[in-house]
Structures are given as structure tokens and as C-alpha cells.
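Report on the following structure.
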There are 2 protein chains.
Amino acid sequence: MKHLYANIPKHYLAVDCIIFGYDIVEKELKLLLIKRSFEPALGRWSLAGGFVQENESLDDAACRVLCTLTGLSDLYMEQLYTYGEMNRDPGARVISTSYFALIGIHELDPEIQKKNGAHWRSISNLPELIFDHRIMVDRALNELVEKVKVYPVGFELLPEKFTLVQLQNLYEAIYMRPVDKRNFRKKILSMELLDKQDEKERETSKKGAWYYRFNVEKYRELARNGFFFNLAVS
Amino acid sequence: MKHLYANIPKHYLAVDCIIFGYDIVEKELKLLLIKRSFEPALGRWSLAGGFVQENESLDDAACRVLCTLTGLSDLYMEQLYTYGEMNRDPGARVISTSYFALIGIHELDPEIQKKNGAHWRSISNLPELIFDHRIMVDRALNELVEKVKVYPVGFELLPEKFTLVQLQNLYEAIYMRPVDKRNFRKKILSMELLDKQDEKERETSKKGAWYYRFNVEKYRELARNGFFFNLAVS
DNA sequence: AAATAGAAGTGTATATAGTACATTTAAAAT
DNA sequence: ATTTTAAATGTACTATATACACTTCTATTT
């Protein structure tokens, strides 16, 4: 059957990862970008990417790229879109599938980060990116906004324990607008997916704010019975 | 610079089109499928697909496949997802990007259809499909349901002139559940995007039902000012 | 010409969800 | 004891979603 494929052209295939993090102190959404220490485009900023190999699936390739860069596995990751314009990469014809990942900034080892030339850059002040990476980022941002409205993926960006203030700050950073405190709390608490801890966060106030944990098991159980997460608030 | 790419593997890249149509008489959502008259998988059912060529973008490839099959251009089309598992195609390693398209069944020339071995098959009674095509279809169906809720893409499946009953039937076919007649009409009419015609459809009732037209220009204008289409009804 | 039949067309009351908004509470620091 | 700072809290109002049954129109039949 080999002859069937004889005249069919083959292509370079890449994956590019849009890696989101959230800085709980600066209250800013960030992107993990690579300052290229190699040609082509030395010194310029890009997403973390890599070519798809013979023996790996697309998802595998994306995981590999993400893993190599961060040293982390089991991260939240999702395929987004495939960019197939003829001249998107000036070096060669490369088709690239974008993935977006959510990681807690605190989980990232600064050593590995440094070694790979990876830097967290604030969403509100991104450098110019190579090729069509900015377009990829914009699509990923849209997706993130829509996603956190109806799926509890925002928690991937926070530590296990977090306060309601921190959670609200995260949503404000993603939505890029202020959110009403009482409505936000009413809505998230009414879902009964947060377990209040017997412990307070005391860094940012005298009174201290109660820690909560997201109860994944409970969410899964509810979701199985037709429950829909919703934090699309004013 | 050529040496940079010397050790990078290349891959076969395909596109597969999930082509939706709506049968206004049978009130059924349909898929345009190919009964293969060639090897491999002769006699089996598949989506319309094709390999990405050297000189065309992914979108171009999808348009070409769609155009060749239907003889139509300027159809509604959207990239969906890229399937990159190692063994999804038993013949060779092929990575495939799926697109979904919406066309009016009535627009399709039966001659071209016949020539290409294309057949409309009801969504509620699909044959077994090759490879992972069924998975592609299921994802496309989900996407269609979500899409018609908040974008006026359903009209792509209807003729220019349609009745409110026909529009409701379409939504019921897509949502796969009945929809409240008065609430549906209230909602669609309150958006003021349908222009009532001076003409009735008289095939299906003595009284006749008024024809309407979707006003695209008005929609675009409203959307530019922050309006959101919504037909997520009970 | 009156009666019939069959689908199109219509409105209101209720329930639910979304929104706007200001004061009290806790605890550390002085 | 007082001050200061951020956390925590509830209610009234508005808008949207939902449930639901009868009337209208007109071709066809009698």
C-alpha cells in the first residue's frame, strides 16, 4: 500500500504552549515565555515550542515541551488551535498546534526556569513575540476567560489553599475588570465546592482571611449529575 | 539554515470536514458522508477529507476538500480540533485537522453528490465511520450545539426565507429536545434580527406561515456594539 | 355556504437569577 | 483603650427564564 502515499507531501509539525501562571502577590496573570538564546530569532521572545517527533502523538509532544521546560507533569493542558498559514514561520513551512497550560507559579523551580531561558511576563505588558505567537496568545486568553466562567480550572493557577480574596483577585486578573465582592462570594460559596479550612492567611491583613480548598471530588460528583459550574459574575 | 531542519521528522497532514446539513422536510440534522469507492476501506463510510499540499494553508486545504465535494464556495466553515494520535490511521501516520461546515441541503447539486459518492445521513442514525471519524463528529456536534446558542450560524442551514416553525424545528433537531414555542418566538423576535416577508409558506398548513429573513447586516452592526445573540432556550 | 380540520400565532403570571450597594467584624499595632 | 486595615456579611431591586392553553386563519369537505 506504500505507493498510495508516494506523492503526498509531508510537513514539519510543531506544538507551541501558552503557559499561564498567576502571581498571587502582584495579582497579575503571567505568561511563561522563552528569551531565545539561539538562532534563528536570537534574543527575541517566543512561546515554548518544539517539533513533533516520529514516535509521539501531538499531545505527547506538547507534554514533552511543557515537561522539559518546567520539570512538572500532570499539569492542566488543552489543545487549542492549529495554525497552518503558508508563511507563518519564515524559516520553513511549519504547521503548529497550540496548547494552553495552567500552572501555579510557585510550583516552578527557578533553577530549571533559568536554565531554559524561561521568564514569567505579565499579560498586561507582553514583549513582542515571534511569528504568529501573539495571535496564539490572544486566542488562548479568550479561551481562558470563557473557560474559567464555566469550568473550575482557575484553581489550577492557585495553591491548594487560597482565600476568597485571592480567588476573586485571580478572576479579576483574568476578566480584566473588577468584580463585585459580595456577589462573587455568594456565587462561589453557593456552589458548595469550597471547603473552609481552620486556618487563616495572615500576610495581607491583621484580621486574616480564611483559607479554602477546592473540592475536586465533589465537583466531579456533581458534574456527573448535570451540575454546571458558573462564575460568570458582574 | 537548512541544516537546522535536517533531523526533524515530517508528517502527513490531512483535513477532515464534518459537513452538516438540515432537512427541512424531515426535520433532521444530517451529515454529508462519503461511501468509499476506493481502497483502503472500500465500501466503508468516512468524512470528506484530503491531504494538505505543499502550497496551501490548512484552511485552503479544508476549503478545497469542501469545494471539490460540493461545488460550493463561501460556505460557513470553522476549524475544530487536530487529531494526532499515533495509530489513528492504520495505513500511515497521519495527523488530521477537523473542520466543520454548515450548508443548506437544497444548495447541493445531486449530480456532484453522486459523482463523489457523497450521501446525506441522518445524525440520529449514523453508520459506522472509519478511524476516529466518529469522535470527530461527536466533537463537532457539541460545538454546533454551543455555537447556535450564541451565534446566528443556524441560518446557514436554512434557505434564505424560512418560517419561525422551521427555525424552531432546526433548533430542536440540534438540541435534540423540544423547545417551547412561545418562548422561542419571543426570544428570537425580541432580538429584531428577522425581517418578516410579505409572503407565506403554504406547503405544510392551510393557514400558511410567514416567511422571515435573517438580517446579517443588522446583526453585524449590533454585534459591533456589544450585542450578544442568544437562543439558549427551554 | 356552513362546518371541519389542522397548523400558525399569541400573552401573562410566576420563579429564578443577576445586580447594586454600605456597614460591621476581627485583630494587630500604637 | 484607640486606631487602622482588610475581611466578612445581607437585602432590595431588576431582569431574565419558564410554564402554560386558547384563538386565528384558511383550505377542504360536506
Side-chain angles (χ1 to χ4, degrees), chain A residues 24-27 145 148-150 158 161-173 175 177-213 222 226-234, chain B residues 24-27 145 148-150 158 161-173 175 177-213 222 226-234:
Chain A
I24 212 164
V25 177
E26 295 186 37
K27 301 172 191 172
V145 170
V148 295
K149 280 182 190 170
V150 290
L158 293 174
K161 294 184 302 185
F162 53 86
T163 70
L164 293 181
V165 175
Q166 289 168 344
L167 184 63
Q168 182 180 341
N169 288 339
L170 169 65
Y171 270 81
E172 290 182 328
Y175 290 162
R177 60 176 170 79
V179 162
D180 183 276
K181 190 176 184 175
R182 281 177 283 189
N183 293 340
F184 182 82
R185 291 162 97 103
K186 199 193 309 172
K187 204 155 185 178
I188 181 68
L189 290 177
S190 74
M191 287 191 267
E192 297 185 313
L193 289 171
L194 299 189
D195 295 339
K196 193 178 189 170
Q197 307 295 296
D198 298 328
E199 191 190 353
K200 279 185 168 182
E201 186 277 329
R202 302 200 167 275
E203 299 286 302
T204 45
S205 91
K206 294 160 186 168
K207 182 177 179 177
W210 291 107
Y211 274 123
Y212 288 80
R213 270 170 202 274
L222 287 172
F227 165 84
F228 290 102
F229 183 88
N230 189 310
L231 272 181
V233 280
S234 63
Chain B
I24 212 165
V25 177
E26 293 186 39
K27 302 172 190 171
V145 170
V148 296
K149 279 182 191 170
V150 290
L158 292 173
K161 294 184 303 186
F162 52 86
T163 70
L164 294 182
V165 175
Q166 290 169 342
L167 184 63
Q168 181 180 341
N169 288 340
L170 168 66
Y171 270 81
E172 291 181 328
Y175 290 162
R177 59 176 171 79
V179 162
D180 183 275
K181 190 177 183 174
R182 281 178 283 188
N183 293 338
F184 181 82
R185 286 167 175 244
K186 200 192 309 172
K187 204 155 186 179
I188 181 68
L189 290 176
S190 73
M191 289 190 265
E192 296 185 312
L193 289 170
L194 299 189
D195 296 337
K196 192 178 190 171
Q197 308 294 296
D198 298 328
E199 191 190 352
K200 280 185 167 182
E201 186 276 329
R202 301 201 166 275
E203 299 286 302
T204 45
S205 91
K206 293 161 186 168
K207 184 178 180 179
W210 291 107
Y211 274 124
Y212 288 81
R213 268 171 204 275
L222 287 171
F227 166 85
F228 290 102
F229 184 88
N230 189 310
L231 272 181
V233 281
S234 61

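Reckoned from all heavy atoms, side chains included, excluding hydrogens, waters and symmetry mates. It should be emphasised that the depicted structure is a prediction, and the values quoted were computed from it without experimental measurement.
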Tell me whether [X] contacts the main-chain N or O of [Y] through its side chain, where contact means a donor paired with an acceptor under 3.5 Å.
X: B:Gln197; Y: B:Tyr212; value: no
X: B:Lys27; Y: B:Leu170; value: no
X: B:Gln168; Y: B:Phe184; value: no
X: A:Glu172; Y: A:Arg177; value: no

**Message:** So, taking the atom named CD1 in A:Ile188 and the one named CG in A:Leu167, what distance separates them when rounded to the nearest 0.5 Å?
**Reply:**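 CG of A:Leu167 is found 5.5 Å from CD1 of A:Ile188.
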**Message:** I need the A:Leu189 CG to A:Leu164 CG distance, nearest 0.5 Å.
**Reply:**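 Going from CG on A:Leu189 over to CG on A:Leu164, the span is 5.5 Å.
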**Prompt:** Under a 4.0 Å heavy-atom cut-off, which of residues 179-188 of chain A touch DNA chain D?
**Reply:**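 Here the set is A:Lys181, A:Arg182, A:Arg185, A:Lys186.
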**Prompt:** Among residues 201-210 of chain A, which contact DNA chain C at a heavy-atom distance under 4.0 Å?
**Reply:**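 Those residues are A:Lys206, A:Lys207.
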side-chain hydrogen bond (donor to acceptor under 3.5 Å, both in side chains) involving [X] - partner list, sequence neighbours excluded:
X: B:Glu201; value: B:Thr204
X: B:Glu192; value: none
X: A:Gln166; value: none
X: B:Glu26; value: none

Residue list, salt bridge (charged side-chain N to carboxylate O under 4.0 Å, His left out) with [X], at least two apart or on another chain:
X: A:Lys186; answer: none
X: B:Arg202; answer: none
X: B:Lys161; answer: B:Glu199

**Message:** Please tell me whether B:Tyr211 and B:Phe162 form a close aromatic pair, meaning their ring centres lie under 6.0 Å apart.
**Reply:**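 Between B:Phe162 and B:Tyr211, which both carry aromatic rings, the centre distance is not below 6.0 Å.
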**Message:** Could you work out how much the helix from C:dA1-D:dT30 to C:dT30-D:dA1 bends, comparing the axis of its first five pairs with that of its last five, to 10°?
**Reply:**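 Comparing the axis at each end, I get an angle of 10°.
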**First and last nucleotide of DNA chain C, 5' to 3', lying under 4.0 Å from heavy atoms of chain A** = C:dG18 to C:dA28
**Request:** Please find the earliest and latest nucleotides of DNA chain D, in the 5' to 3' direction, that have an atom within less than 4.0 Å of any heavy atom of chain B.
**Result:** D:dA17 to D:dA27
**Prompt:** If we ignore angles and hydrogens, is there a donor and acceptor under 3.5 Å between the side chains of B:Lys149 and B:Asn230?
**Reply:** no
